[in-house]
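Protein chains get the first letters and strands the later ones, always in sequence-line order, with residue 1 at the start of each. Because the structure is a prediction, the values reported are computed rather than measured.
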There are 2 protein chains.
Amino acid sequence: MNFQQLRIIRETLRRDFNLTDVAAALSTSQPGVSKHIKDLEDELGIEIFERRGKRFLGLTAAGKEIATVVERILLDASNIRQIADQFASRDEGTLIIATTHTQARYVLPDIVKRFKDTYPRVHLTLHQGSPREISNLVAAGEADIAIATEALDVSEIVTFPCYTWHHAVIVPEGHPLCQEVSITLEQLAAYPIITYQEGFTGRGLIDKTFAKAGLAPDIVLSAIDADVIKTYVEVGLGIGIIASMAYSPQRDRNLRMLDTHQLFPINTTRLGIRRGHYLRDYAFHLVEMLAPRLKGAAIRAALNRDG
Amino acid sequence: MNFQQLRIIRETLRRDFNLTDVAAALSTSQPGVSKHIKDLEDELGIEIFERRGKRFLGLTAAGKEIATVVERILLDASNIRQIADQFASRDEGTLIIATTHTQARYVLPDIVKRFKDTYPRVHLTLHQGSPREISNLVAAGEADIAIATEALDVSEIVTFPCYTWHHAVIVPEGHPLCQEVSITLEQLAAYPIITYQEGFTGRGLIDKTFAKAGLAPDIVLSAIDADVIKTYVEVGLGIGIIASMAYSPQRDRNLRMLDTHQLFPINTTRLGIRRGHYLRDYAFHLVEMLAPRLKGAAIRAALNRDG
DNA sequence: GATGCTTACGATACCCGTAAAGATA
DNA sequence: TATCTTTACGGGTATCGTAAGCATC
C-alpha cells in the first residue's frame with residue numbers, strides 16, 4: 001500500500017470511476033492507474049471496485065468502507081504538510097476561501113484588506129461559487145474555509161456562526177413605498193418582486209415568510225447576486241429584496257433602502273471548515289476577523305471532534 | 001512522504017529515539033532509517049527530531065504535532081487491511097487479547113472455548129501481562145482487546161464495563177473465622193493478610209476500604225495472582241483476600257470462602273479497545289460473549305468518537 | 001468506430017543493504 | 001573505546017510512460 005494508490009482510489013471516486021480522467025487529474029499515465037488499483041486489490045485480497053467487464057461501475061461493499069478510511073489518511077497526510085509549513089514559516093503560505101457573491105462583494109473586501117496588511121506573505125485566494133459548489137470545494141479539501149449563508153450543512157463540514165443580518169427592501173427613488181412609515185408584507189406583495197434565486201442568500205427564508213402570511217408574491221426575476229437585482233430595480237421592473245449589507249447609500253444613489261427589520265427573520269452567515277482539516281494560525285486569525293467571538297482553540301477542538 | 005518513513009517516525013518514538021533499535025525493530029538497515037528521516041524532514045522543510053550533534057534526543061514542537069497525525073495514519077492503514085480481511089474471509093483471521101492472570105485463569109476459559117467452537121478458523125492469541133503492560137499493548141495496536149480491572153484509563157483506549165465482582169476472603173479449613181456469622185473489617189485486620197500487589201485485581205480498593213475504616217492491616221505477602229495467594233493461605237501464612245471468581249469449592253477443598261459481600265466495594269472488570277481501531281465482526285461477537293449488554297454497533301460508534 | 005481498460009516492455013528513479021568514516025558518550 | 005549516526009556506493013526492484021491489444025458502448 002502506498003500513497004499514490006490511495007490518491008488514485010480517492011480520485012477514482014471523484015472522477016466518477018473513469019480511470020482515464022483519473023490519470024489526467026493526477027498527471028500520470030492511465031495504464032499506471034490501472035496497475036496501481038490492481039496491485040492494491042491484490043495486496044488486500046479483495047476487490048475495491050465493482051466492474052462490468054473492463055468498465056468500472058462503482059465501489060464494492062468493502063470498497064465503501066475502505067474509501068472513508070482512505071479519505072482520512074489523505075487528509076491526515078495533507079495535515080502533516082500543513083503542520084510542517086506552519087512551523088517552517090509561520091506567516092507565509094496559502095489560504096483558500098470559497099464564498100458567494102454576497103460575501104465576496106459586500107463583506108469580505110474590508111477583511112481581506114486587513115488580512116493582507118497583517119500577513120503580506122500569505123497567498124490568499126478567493127473562489128466564488130454557488131453555496132453548493134463552495135460546500136463541495138471545502139468537503140474535497142480544495143478550499144480551506146467556506147463562507148456562506150446556505151448549503152453548508154453536510155457531514156464533512158463543521159460550521160460556525162459568523163454574523164447575522166436581515167433582508168431589506170430596495171425601491172427606486174420616489175417609489176410610493178417611500179412614503180410609508182411602517183411597511184407590511186401585504187404591501188410588499190402588491191408589487192412585482194425581484195430577489196435571489198432559490199438556494200442563494202436566504203431566499204428560502206423569504207419564501208417561508210410570505211407563505212406563512214398566506215401571501216403569494218409575484219417574483220418577476222430571481223437573480224444570483226444583488227448587483228443584478230439592483231440593476232432591474234433601477235429600471236423599474238419591481239421592488240428588490242436583498243441582503244441589507246448589499247446596499248450602500250453612496251454607491252446606490254438611485255435607490256432607497258426601506259427599514260424592514262421586523263418583516264423577515266434573521267439570517268446567519270456561517271463559515272465552514274472540513275472536519276479534521278489542520279488550519280494554519282493565520283487562518284484562525286482570519287476567522288477571528290470574521291467573527292470576533294470565535295476563538296482558535298475552540299475551533300480546533302470542534303474540528304477534531306467526532307472524527 | 002511514504003509509509004515506511006511514517007513507520008520509522010512512530011518506531012523512533014517507541015524505541016526512545018535510538019535509530020539502531022528502530023532499524024532492528026523494522027528489520028531494515030540503520031543507515032536506511034537515518035536517510036528516511038532526513039528525506040522526510042527535507043521534504044517537509046522542518047526538523048521533526050531534536051538533536052544534540054548526531055544523537056537524537058526527542059521531538060521538536062512540530063514533531064509532536066506531526067507524531068499524533070502519523071499515529072492516526074498508520075492506524076488507518078492497518079484498518080484498511082482489517083477491513084479487507086473482514087470481507088475476504090469473514091470467519092477467518094486473528095484476534096489478540098491482552099489480559100491479566102485473573103481473567104485468563106478464571107473467567108476467559110469458558111468464553112474462549114465457546115469462541116473457538118463458533119469460529120474454528122480464527123487464530124485466537126492470549127497475551128498475559130500486568131494491567132500496565134496490557135494497556136500498552138492495546139495502545140500500541142499490538143493487541144485488539146484488553147480485559148482488566150485496572151490501568152485501562154489512558155486516552156488512547158476506549159473502555160466498556162464488562163462485568164462486576166467482589167473480593168472474598170479465603171481461610172484454611174477450620175480457621176476461627178469460619179465460626180463467625182457476619183464478619184467485620186476489624187476481625188479481618190486482626191489476622192495477617194495475603195492479597196494482590198498494588199495495581200492488580202482491585203488491590204487499590206482493598207487498601208482504601210481498610211484505610212476508610214481507620215485500620216492498618218498487616219499484609220504479609222502481596223502476590224500477582226490468586227494461585228500464589230491460595231498456596232500461602234493453605235500453608236497458614238495468613239488469610240487471603242482474592243477475587244471471588246478465583247475460588248472454586250471443587251478445586252480448593254482445603255480452603256473456605258467467607259461471605260464478605262458487604263465489606264468491600266464493587267469492582268468492575270472492563271474491556272478496552274484502541275480508539276479508532278477497526279475490529280473484525282468476530283471480535284464483536286467475543287465482546288458480546290464477555291458482556292452480553294454491549295452491542296457491536298454501540299462499540300463501533302464509541303471507537304470512532306472524539307478521534 | 002469511439003471510448004476505456006489491460007498487457008507488454010524498456011528506461012528511470014527510488015529504496016535498500018554493505019562498508020567506511022565521523023561524532024558522541 | 002564503545003556506541004551511535006552520517007556519508008558513500010552498488011545492486012535490485014518498483015514505478016512510470018509509451019505502444020500495442022482488447023473489451024465495452
Ignoring backbone atoms, test whether [X] places a side-chain nitrogen or oxygen under 4.0 Å from the OP1 or OP2 oxygen of [N].
X	N	result
B:H36	C:dC14	no
B:T20	D:dT5	yes
B:N18	D:dT5	yes
A:N2	D:dT15	yes

*Does B:R72 use its side chain to pair, donor to acceptor, with the backbone of A:I73 at less than 3.5 Å?*
no
*Is the backbone of B:T94 close enough, under 3.5 Å, to the side chain of B:Y282 for a donor and an acceptor to pair up by distance?*
yes
Would you mind reading off the distance between [X] atom [atom1] and [N] atom [atom2], rounded to a whole angstrom?
X	N	atom1	atom2	answer
A:Q5	D:dC16	CD	P	9 Å
B:E43	C:dA13	CD	C1'	15 Å
B:F17	C:dA25	CZ	P	16 Å
B:Q4	D:dT13	CD	C1'	15 Å
B:I8	C:dC15	CD1	P	10 Å
A:L19	D:dT24	CG	C1'	14 Å

*What does A:K35 touch in the nucleic acid at a heavy-atom separation under 4.0 angstrom: a base, only the sugar-phosphate, or nothing?*
nothing
*If you check every side-chain atom of B:K38, which of C:dG4, D:dC16, D:dT7 has the closest atom?*
D:dT7
_Apply side-chain hydrogen bond (donor to acceptor under 3.5 Å, both in side chains) to residues A:T201 and A:T149 and explain how you reach the verdict._
CA-CA 6 Å; A:T201 321; A:T149 312; over 6 Å; no
*Considering non-hydrogen atoms only, spot the tightest contact between B:T20 and B:N18 and give its length.*
N-OD1, 2.9 Å
*How long is the gap from CZ on A:R132 to CG on A:L137, to the nearest 0.5 Å?*
12.5 Å
*Any side-chain heavy atom of A:I80 within less than 4.5 Å of one from B:M1?*
yes
*Test ring pair (Phe, Tyr, Trp, His ring centres under 6.0 Å) applied to B:F3 - qualifying residues, sequence neighbours left out*: A:F3
_Can you confirm if the aromatic rings of B:F200 and B:H101 lie within a centre distance of less than 6.0 Å?_
no
*Relative to the ring of A:F49, is the ring of A:F17 parallel (under 30°), tilted (30 to 60°) or perpendicular (over 60°)?*
perpendicular
*Strictly below 4.0 Å, heavy-atom distances to any atom of DNA chain D: list the hits from residues 49-63 of chain A, or just say none.*
A:R52, A:G53, A:K54, A:R55
_Can you list, in residue-number order, the parts of residues 21-31 of chain A that come under 4.0 Å of DNA chain D, counting heavy atoms only?_
A:T28, A:S29, A:P31
